[in-house]
S.K.: 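Sending over a structure as structure tokens; questions will come in a sec.
Atom set for the values below is all heavy atoms of this structure, side chains included, hydrogens, waters and symmetry mates excluded. Lettering of chains follows the sequences in order, A, B, ..., and the numbering in each one begins at 1.
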2 protein chains.
Amino acid sequence: MSEPGLACCTPLSGTAMSAEQAEQVAALLKALADPVRLRLVSLIASSATGEACVCDLNDAFDLTQATISHHLKVLHSAGVLDRDKRGVWVYYAVRPEALTAVATLFSTAVRA
Amino acid sequence: MSEPGLACCTPLSGTAMSAEQAEQVAALLKALADPVRLRLVSLIASSATGEACVCDLNDAFDLTQATISHHLKVLHSAGVLDRDKRGVWVYYAVRPEALTAVATLFSTAVRA
DNA sequence: GGAAGACATCGACGGACGTCGATGCATGAA
DNA sequence: TTCATGCATCGACGTCCGTCGATGTCTTCC
């Protein structure tokens, strides 16, 4: 695309991220890159028991129950939240592995 | 929205994320939640000098120069990349603060 | 000054995303 | 059994996003 015949700078070295790895991480980040979903994760993580039922989460937002359910599904599909149905209510809990994966990725990326 | 008159579970306690804070973090994460942009950041961060010029970044993707320029603009606007024009070429470098902010956020969120 | 190259910007297109109302599916109570 | 409740699913709508070709701007060299 740009072939002027001379190298304008040092070539990119080191072990960069592969395309497949980038797709995976992007999928996880995309699930978290939403204000509502971030608050959902924050609410669940900051709860005393470490989990929360949908009925309480609904009251925390000015959104339809269908919308909250959709966001929870996205977070669950991405592996961020765990799902546990007890009787009539459904409880969601945070998967620490997903969050620590993001944390370690960006902490090591600074000085690779 | 759901007021059955009885508490189905423990109320959400602790200091959760505010709506404004969630918007800010979501904007940063949205800039990173893209495979191409993730690889761009990874390429720049893993380079020997810690920076990379656009001409080399273009060759790493099967995308138009306009598309790469767009992604770099998004990352720059989000505060992820620094821009430095030297002569004809433009060099981008990673802002460590942005990445460490994400890392600390998700490392502390696990056990809040 | 004119030409060539590096990068940004513009306008447009197709697909993905967030949100909603309506409906379906369980579960527990009357 | 029947009904009410909690939650998921469906279909639809408007908007945002990634990508492209074309064009503009700036720098350097002849």
Side-chain angles (χ1 to χ4, degrees), chain A residues 1-9 19 22-23 26-41 44 51-78 81-93, chain B residues 1-9 19 22-23 26-41 44 51-78 81-93:
Chain A
M1 210 166 282
S2 67
E3 305 267 356
L6 60 103
C8 65
C9 52
E23 293 276 356
L28 175 58
L29 288 179
K30 193 181 292 186
L32 292 167
D34 182 274
V36 176
R37 290 198 284 266
L38 273 179
R39 290 181 61 196
L40 280 171
V41 173
I44 298 173
E51 59 184 8
C53 82
V54 184
C55 61
D56 282 346
L57 297 173
N58 279 331
D59 298 349
F61 299 87
D62 278 340
L63 292 172
T64 310
Q65 174 262 331
T67 301
I68 299 297
S69 185
H70 162 70
H71 285 307
L72 290 172
K73 179 191 181 70
V74 171
L75 288 169
H76 176 62
S77 300
L81 295 183
D82 257 337
R83 188 167 189 274
D84 181 29
K85 177 163 186 174
R86 295 181 214 154
V88 192
W89 300 299
V90 175
Y91 290 76
Y92 282 93
Chain B
M1 208 168 282
S2 70
E3 305 267 356
L6 60 103
C8 65
C9 52
E23 294 276 355
L28 175 58
L29 288 179
K30 194 181 292 186
L32 293 167
D34 183 273
V36 176
R37 290 199 284 267
L38 273 179
R39 289 181 61 196
L40 281 171
V41 173
I44 298 173
E51 60 184 7
C53 82
V54 184
C55 59
D56 282 346
L57 296 173
N58 280 331
D59 299 350
F61 299 86
D62 279 339
L63 292 172
T64 311
Q65 174 263 332
T67 301
I68 299 296
S69 185
H70 162 69
H71 285 307
L72 290 171
K73 179 191 179 71
V74 171
L75 288 170
H76 177 63
S77 300
L81 295 183
D82 258 337
R83 168 190 282 173
D84 183 29
K85 177 164 187 176
R86 296 181 213 153
V88 192
W89 300 299
V90 176
Y91 289 76
Y92 282 93

S.K.: Nearest 0.5 angstrom please: Thr67(A) OG1 to Asp62(A) CG, how far?
M.R.: 11.5 Å
S.K.: Side chains of Tyr92(A) and Arg83(A), heavy atoms from C-beta outward: is any pair under 4.5 Å?
M.R.: yes
S.K.: What's the spacing between Leu72(B) CG and His70(B) NE2 if we round to 0.5 Å?
M.R.: 10.0 Å
S.K.: Please check this pair: side chain of Ser69(B) against backbone of Gln65(B), looking for a donor-acceptor N/O pair closer than 3.5 Å.
M.R.: no
S.K.: Rounded to whole Å, how long is the line connecting atom CG of Asp84(A) with atom C1' of dA26(C)?
M.R.: 16 Å
S.K.: What pairs of nitrogen or oxygen atoms, one from the protein and one from nucleotides 17-23 of chain C, lie under 3.5 Å apart?
M.R.:
from, atom 1, to, atom 2, distance (Å)
dG18(C), OP1, Arg37(A), NH1, 3.3
dG18(C), OP1, Arg37(A), NH2, 2.6
dT19(C), OP2, His71(A), NE2, 2.4
dC20(C), OP2, Thr64(A), N, 2.9
dC20(C), OP2, Thr64(A), OG1, 3.0
dC20(C), OP2, Thr67(A), OG1, 3.0
dC20(C), O5', Thr64(A), OG1, 3.0

S.K.: Can you check the Asn58(B) CG to dA8(C) C1' distance for me, whole Å?
M.R.: 12 Å
S.K.: Could you tell me how far apart Ile68(B) (CD1) and dC17(D) (P) are, to the nearest whole angstrom?
M.R.: 18 Å
S.K.: Distance from Cys53(B) atom SG to Asp84(B) atom CG, nearest 0.5 Å?
M.R.: 11.5 Å
S.K.: How long is the straight-line distance from OH of Tyr91(B) back to CG of Leu57(B), given to the nearest 0.5 Å?
M.R.: 11.0 Å
S.K.: With a cut-off of less than 4.0 Å, is there a side-chain N or O of Arg83(B) near OP1 or OP2 of dA8(C)?
M.R.: yes
S.K.: Is there a side-chain contact between Tyr92(A) and the phosphate of dA8(D), meaning an N or O under 4.0 Å from OP1 or OP2?
M.R.: yes
S.K.: Roughly how far apart are Ile68(B) CD1 and Asp59(B) CG, rounded to 0.5 Å?
M.R.: 10.0 Å
S.K.: Provide, to the nearest angstrom, the distance between the CG atom belonging to Asp56(B) and the P atom belonging to dG5(C).
M.R.: 17 Å
S.K.: Show each protein N/O and nucleotides 27-30 of chain D N/O combination with a separation under 3.5 Å, one pair to a line.
M.R.:
none

S.K.: State the CG-CG distance between Asp82(A) and Leu75(A), to the nearest 0.5 angstrom.
M.R.: 12.0 Å
S.K.: Without placing hydrogens or testing angles, list every side-chain donor-acceptor pair under 3.5 Å for residues 30-41 of chain A, not counting sequence neighbours.
M.R.:
from, atom 1, to, atom 2, distance (Å)
Asp34(A), OD1, Val36(A), N, 2.9
Asp34(A), OD1, Arg37(A), N, 3.3
Arg37(A), NE, Ala31(A), O, 2.6
Arg37(A), NH1, His71(A), ND1, 3.0
Arg37(A), NH2, Lys30(A), O, 3.3

S.K.: Could you check how far OH of Tyr91(A) sits from C1' of dT27(C), rounded to whole Å?
M.R.: 14 Å
S.K.: Can you tell me the distance, in whole Å, between the CH2 atom of Trp89(A) and the C1' atom of dA29(C)?
M.R.: 12 Å
